Structure formats: structure tokens, C-alpha cells
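Here the structure is laid out as C-alpha cells; the discussion comes afterwards.
Everything quoted here is computed from the prediction, not taken from an experiment.
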Amino acid sequence: MSFTLNNVNIGIIGLGYVGLPLAVEFGKKYQTIGFDINKERVTALVDGHDSTLEVSDEELADVKQLNFSCNKQDLANCNIYIVTVPTPIDDNNSPDLNPLRKASGLLGEFVKKGDVVIYESTVYPGATEEVCLPIIEKTSGLVFNKDFFAGYSPERINPGDKVNTLTKIMKITSGSTPEVGQFVNDLYSSIITAGTHLAGSIKVAEAAKVIENTQRDLNIAIINEFAKIFNKLGIDTEEVLDAAGTKWNFLKFKPGLVGGHCISVDPYYLTHKAQEVGYRPEVILAGRRINDGMGEYVATQLVKKLSSQKIHVDEAKILVLGFTFKGDCPDVRNTKIIDIVDELKDFNMSVDVYDGWANPVEVEHEYNLSLINSLTEDHYDGIVLAVDHSEFKKMGVDAIRKFGKQKHVLYDVKHVFGSKDSDIRL
Ligand SMILES: NC(=O)c1ccc[n+]([C@@H]2O[C@H](COP(=O)([O-])OP(=O)(O)OC[C@H]3O[C@@H](n4cnc5c(N)ncnc54)[C@H](O)[C@@H]3O)[C@@H](O)[C@H]2O)c1
């Protein structure tokens, strides 16, 4: 079987943070269909707007060979399928592969002889070949690596980051045979200006992605642990990190809340697979426990500070600035700010949350929380600056403190301002 970039007709399955930018880039070069089961999402994209804000209206309008659809029949003429559906975890922190299974079942209806299916969703090593491809084989009646072929190319985009965008980040590629690997690599090389790295197998590419995020999770976890120790010792963590960072091989991470659906989720994919093959991971899960507890830790620190300032904790009014899982990004999935809010409410405090980036309807639906849409001065006993949105940076610390009563506590979770500007920092 020979593979060529002539007559490439691409179908992208799942048009979220990952799928849409990919569809846009491929749509600049090849005939591309962006398919999603979410009708509202497809309608908005057809109308020319991306609610994730990853692609501007102008860029969307400019892509000539890209069409959006929620009608699966529109995938019938594709010969390359790229799967970018979510890979969440369930309540027990186990991988939830249902979106991948469903997408694979759908592709089984359309895959023809000679077609290539490429997965981009983050998974554990082995998931593509052990879970996804057998579903396509079963549904299509075709034989994997004889009739149809596969690749895996993990995504590395960083939502909200307007500098390190899809084409500027080196991309790992892989294929189910050496020829398919080369083809998948050529395909991505045609849109990724930063270059590609062709991995030796699909499993290697899967493993590389999952350890990238696991390493980041652990690096943040140890800094969070340092911060907890230094807070007890009365030392400013940022000052310590700045000092230690003058050594060439000290890694410059910052303490913080680890939310979102990548860093806080992907390590569980790896630990799941590790346990399946009889290895009990220790370090990875310890890091997860520390990072998962940081929301509660922030709330407890605030309560202690309020008490030490003789501000009544019971019925104290608290303002939380920011709700999304990171700055300048509308994504509220797995935000750890909800842990701060819930913990403060457990202390019988009244908590207002303000975030101009978050969609209030989504927040209400997912978290049963009504965001406030205007800010009142001289009103709060405590202010938690929880997310480093540019808007808050621009406001400046004096303007933010004006929302507090004459006597209040300001907690700068993300070290947005200098160490002397707030009353506590993480
Ligand atoms: N967002 C990131 O920063 C990022 C970065 C790297 C990798 N990833 C990984 O990429 C994958 C996708 O993440 P995302 O952030 O784009 O998710 P997302 O939730 O933003 O988008 C997924 C889209 O897939 C659609 N979908 C779900 N099931 C479908 C199906 N069966 N058929 C068609 N469409 C379906 C959803 O409606 C949604 O629009 C995940 O595995 C994630 O871990 C995400």
C-alpha cells in the first residue's frame, strides 16, 4: 500500500480546543470536514465564531477548504480521519474512554480500504491499539494494518497561549507501520512549521504525551509542597524560588492550583495502565494528592489569616476573583477554584465569584454557582485573587483592595503582585 499527500480528504472528529485549530490548519491546505456531535458548537462555527477563543472570527472566515458538520454522512468521502474527542476521568479517577469508543464506532461506519485513522486524544500507552482500533475493525469488518491503518500524534497546544500556537509547537507523530509513520509525519510536517518528531511506534508516542503532562504535574506538586513548608516557616516562596533559580539546573516552576482537563487528569491515565500491569505508582499519585488538595489549603490559609486579623470568619463576605482553570482562557473544566469556594462556604462564609472570562450559564450548569457580574467597593472581608487574568493585572492592587472593607485580607494565590502588596500568597 502506498500513501500520498495528493487527494488527501480529512475528517476531524471533535471540534474542541484541540480539534478546531487543527481543522483550521488542515483546512488551509486540504479538503477538510470538521465533525462534532455538539450541534450548538457546529452551528456557532458555521456562523463564524469559536467560543473557546482559540481561533479568531477573521481566521475562521479565511479558511476556504474547511466545512463544519454534525451530519456523520459528510464524513463518507474522507480518507484520513483525525480523532480529537475528550478523554476525561470518572469519579474514581479512572480513564473514561467512552468518547473515544463512540468516535471509533462512528469511524467504523465510514473507514474504507487504504484509509488512515489518526488519534490525537491523550491516552495511556496501548489505548489506541487495544481499545480504539478493535472497535473500528469490528464495526467496519476491515482488518487493521491490512485494509486500514492508524497513527497517533498527541496534541501539545496550550489554550489561551497566543504565542505557542499549533503550527509553532514541534509535534510527535507515529504510525502503525513504518510507511504509515512516514506518511503521518509528512502530513503533519505540511502544516507544522516547528517540525515533527517521528516516534518509533504508536505506544511510544502515547507514552511521551502522558509523561509530558505527568512530569509537569509533579514539578508543580513539589513546589506546592515547598510553599506549604515555607508558609509555616514564614519565608516568601517566590523569593526562595528566585534565589534557587539562579542555579543553572534548578527548574523554574511556581506553586498553584492544578486544574483543567490535561495536567490534572492525564497522570491518572498512566497510573491506571501501570496498575493494570502490576506496578503500583507512588510518586505520581503523591503529586496528584498534593495538587488536588491545594484549593482546600488556600481556603484554610485565608481562614487563619482572617482570624489572626480579628475578622469574624462566620458570615464573612469573600470575593473570589477568577474562576477559570487558568488565566486568559474561558475553560472552567476541572477548575480548582470551586474547591476554594466550597471550603469557604463550609465555614459559613458568603462567597461571591467574579470572572469575565467564564461563561455564567456553563458555570451555573456545571457547578451550581451564580457568578456575579459587577463588583462593589468597600464590601468584602476577604479577597482571593485566584486567577491571573490580564484584567486583574491591569486593575492593579489598589483598585482590587477597594472592593475590601477598611479592614480586609487580600490573598494573592498566583503571585500577580509583589510580595508586600497582599496579605498572603501561596
Ligand atoms: N485542551 C488542551 O489543552 C489539550 C492539549 C493537549 C491535548 N488535549 C487532549 O485532546 C483531547 C481533546 O481535548 P479538547 O480540549 O479539545 O476537548 P474539548 O472538550 O474541548 O473538545 C472535544 C470535542 O469533541 C466533541 N465530541 C465528543 N465526543 C464526540 C464524538 N463521539 N464524536 C464527535 N465529536 C465528539 C465534543 O462535543 C467537543 O466539542 C483530549 O484527549 C485532551 O486530553 C487537550
Side-chain angles (χ1 to χ4, degrees), residues 11-19 22 35-37 72 75 78 80-113 115-156 172-177 180-181 184 199-214 261-262 264-281 284 333-334:
I12 309 262
I13 318 301
L15 298 171
Y17 283 86
V18 167
L22 198 68
F35 171 83
D36 203 294
I37 48 172
K72 61 182 182 178
L75 293 167
C78 297
I80 309 293
Y81 296 93
I82 303 182
V83 182
T84 52
V85 299
T87 43
I89 44 172
D90 65 17
D91 292 343
N92 300 316
N93 293 333
S94 293
D96 172 4
L97 294 175
N98 284 324
L100 268 182
R101 286 197 181 95
K102 283 189 187 141
S104 302
L106 172 94
L107 290 184
E109 295 178 39
F110 296 102
V111 165
K112 304 167 295 304
K113 285 195 174 184
D115 288 357
V116 178
V117 182
I118 304 167
Y119 288 85
E120 284 225 3
S121 303
T122 308
V123 287
Y124 52 77
T128 301
E129 287 149 306
E130 292 158 15
V131 178
C132 302
L133 297 172
I135 295 175
I136 299 184
E137 277 194 310
K138 195 168 169 211
T139 324
S140 66
L142 298 176
V143 179
F144 170 53
N145 259 354
K146 178 171 163 275
D147 298 325
F148 77 99
F149 302 86
Y152 182 81
S153 180
E155 191 47 70
R156 284 171 159 169
I172 298 176
T173 58
S174 65
S176 54
T177 69
V180 177
V184 171
S201 69
I202 288 177
K203 277 197 186 77
V204 166
E206 290 169 324
K209 169 65 194 179
V210 82
I211 69 160
E212 280 170 24
N213 282 359
T214 303
H261 65 299
C262 287
S264 65
V265 167
D266 301 346
Y268 290 122
Y269 272 72
L270 184 58
T271 57
H272 164 84
K273 190 65 188 176
Q275 277 156 338
E276 203 178 82
V277 293
Y279 177 78
R280 238 185 71 219
I284 302 172
R333 287 174 294 176
N334 292 338

Over all heavy atoms of both residues, which pair between [X] and [Y] is shortest? Give the atoms and the distance, please.
X: F144; Y: E137; answer: N-OE2, 2.7 Å
X: I284; Y: P267; answer: CG2-CB, 3.8 Å
X: A103; Y: V85; answer: CB-CG1, 4.0 Å
X: S174; Y: A205; answer: OG-CB, 3.5 Å
X: P88; Y: P99; answer: CD-CG, 4.3 Å
X: T139; Y: E109; answer: CG2-N, 4.2 Å

Point-to-point distance, once rounded to the nearest 0.5 Å, from [atom1] of [X] to [atom2] of [Y]:
X: Q275; Y: L270; atom1: CD; atom2: CG; result: 10.0 Å
X: I118; Y: I202; atom1: CD1; atom2: CD1; result: 9.5 Å
X: S94; Y: E276; atom1: OG; atom2: CD; result: 10.5 Å
X: F35; Y: L107; atom1: CZ; atom2: CG; result: 9.0 Å
X: H272; Y: I89; atom1: NE2; atom2: CD1; result: 12.0 Å
X: I13; Y: L100; atom1: CD1; atom2: CG; result: 11.5 Å

Residue pair [X] / [Y], side-chain heavy-atom distance below 4.5 Å:
X: I172; Y: K209; value: no
X: V117; Y: V111; value: yes
X: K203; Y: Y152; value: no
X: T122; Y: E155; value: no
X: L97; Y: Y269; value: yes
X: V123; Y: V210; value: no
X: E212; Y: D266; value: no
X: L106; Y: L75; value: yes

Is the shortest distance from a Lys or Arg side-chain nitrogen in K273 or E206 to a carboxylate oxygen in the other one below 4.0 Å? no

Backbone N or O of [Y] within a donor-acceptor pair of the [X] side chain at under 3.5 Å?
X: D96; Y: N98; answer: yes
X: D36; Y: L15; answer: yes
X: N145; Y: S176; answer: yes
X: T84; Y: E120; answer: no

Checklist entry - Just wondering, more than 12 heavy atoms not from K112 lying within 6.0 Å of its NZ? => result yes

